[in-house]
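Heavy-atom basis, side chains included; hydrogens, waters and symmetry copies ignored.
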Amino acid sequence: MIQSIVHVAIVVKDYDEAIEFYTKKLNFTLVEDTYQPEQDKRWVVVSPPGSVGTTLVLAKASTPEQEEFIGNQTGGRVFLFLNTDNFWRDYEDMRSKGIEFIREPIEQPYGTVAVFKDLYGNQWDLLELNKDHVISAIIK
């Protein structure tokens, strides 16, 4: 059996401001932005640069209950993990674009990591996994 997670949805306030943040500040690619008239919503998908795996669906909150979770999808825990091939390049680029880091970079046994907030306050790890960590994860 082969399965994979194709998309992860993140609740946003506004499609266009979310697209702007992910494409301009995080350098993501806008994969799709299609209006769905039967549901009166847009299907908005973004992807990290060079990624061929899981994508992010920017899902606009459509109820007051959904709006309550914007920026706090995991109760204050790190929500998503953005792996990079060059931590310091991306860290400096993100800082220069005004990304707020709430935990400064630290070397861990698995690699280099820092925690940042997206435009709504969700916490993300920016990390560069050590090559031996990546290889051992693939072999297992």
hydrophobic_cluster_shared for Val78 and Val8, side chain cutoff 4.5 Å:
no
May I have all residue pairs that pass ring-ring contact (aromatic ring centres under 6.0 Å, His included) and include part of residues 48-84, sequence neighbours excluded?
none
Please tabulate, one pair per line, all N/O donor-acceptor pairs under 3.5 Å involving side-chain atoms of residues 98-107, not counting sequence neighbours.
from: Glu104; atom 1: OE1; to: Tyr91; atom 2: OH; distance (Å): 2.7
from: Glu107; atom 1: OE1; to: Thr112; atom 2: OG1; distance (Å): 3.0
from: Glu107; atom 1: OE2; to: Thr112; atom 2: OG1; distance (Å): 2.9

Separation of Trp88 CH2 from Glu128 CD (nearest 0.5 Å)
10.0 Å
With clusters defined by side-chain heavy atoms of hydrophobic residues (ILVMFWY) lying less than 4.5 Å apart, directly or transitively, does Leu82 cluster with Ile5?
yes
Would you say Leu126 and Leu26 are hydrophobically clustered, going by side-chain heavy atoms of ILVMFWY under 4.5 Å?
yes
Does anything in residues 55-71 pair up under salt bridge (charged side-chain N to carboxylate O under 4.0 Å, His left out), and if so which pairs, sequence neighbours excluded?
none
Single-linkage hydrophobic cluster Val12~Val45, side-chain heavy atoms < 4.5 angstrom
no
For a 4.5 angstrom cut-off between non-hydrogen side-chain atoms, does Thr55 reach Val46?
no
Show every ring-ring contact (aromatic ring centres under 6.0 Å, His included) that has at least one partner inside residues 41-66, sequence neighbours left out.
His7-Trp43
Asp118 CG to Gln73 CD distance, which is reported to the nearest 0.5 Å
8.5 Å
Going by side-chain heavy atoms closer than 4.5 Å, which hydrophobic residues are tied to Met1, directly or by a chain of links?
none
List for me each residue that meets side chain to side chain contact (heavy atoms under 4.5 Å, CB included) alongside Thr23, sequence neighbours excluded, and say none if there are none.
Ile19, Leu30
Group every Ile, Leu, Val, Met, Phe, Trp and Tyr by side-chain heavy-atom contacts under 4.5 Å, then state whether Leu129 and Phe87 land in the same group.
no
Within-4.5 Å side-chain heavy-atom neighbours: Phe116 and Asp125
no
Working to the nearest 0.5 angstrom, can you tell me the gap between Leu58 CG and Tyr15 OH?
9.0 Å
Can you name the residues that form a side chain to side chain donor-acceptor pair (under 3.5 Å) with Glu17, not counting sequence neighbours?
Tyr120
Sequence neighbours excluded, which residues qualify as side chain to side chain donor-acceptor pair (under 3.5 Å) partners of Ser96?
none
Holding to salt bridge (charged side-chain N to carboxylate O under 4.0 Å, His left out), I want the full list of residues that pass it with Asp33, two or more places apart in sequence or in another chain.
Arg42
Enter the distance from Leu56:CG to Leu80:CG here, rounded to the nearest 0.5 Å.
6.0 Å
Leu119 versus Tyr22, closest heavy-atom pair with distance
CD2-CE1, 4.2 Å
Keeping the roles fixed (side chain from Thr84, backbone from Asn86), state whether a donor-acceptor pair exists under 3.5 Å.
yes
Asn83 CG to Leu127 CG distance, which is reported to the nearest 0.5 Å:
4.5 Å
Just by modelled atom types, is the Val31 backbone N or O under 3.5 Å from a matching donor or acceptor in the Thr29 side chain?
no
Are any non-hydrogen side-chain atoms of Val115 and Trp124 less than 4.5 angstrom apart?
no
I'd like to check Ser47 versus Phe28 (side-chain heavy atoms, cut-off strictly below 4.5 Å). Are they in contact?
no
side-chain contact (heavy atoms from CB on, under 4.5 Å) evaluation trace for Asn122 with Lys117:
CA-CA 5 Å; Asn122 291 300; Lys117 289 185 177 184; over 6 Å; no
For Asp93, side chain to side chain donor-acceptor pair (under 3.5 Å) partners two or more places apart:
Asn27, Lys97
For residues 75-92, which residue pairs pass the salt bridge (charged side-chain N to carboxylate O under 4.0 Å, His left out) check, not counting sequence neighbours?
Asp85-Arg89
Gln108: which residues meet the side chain to side chain donor-acceptor pair (under 3.5 Å) condition with it, sequence neighbours left out?
none
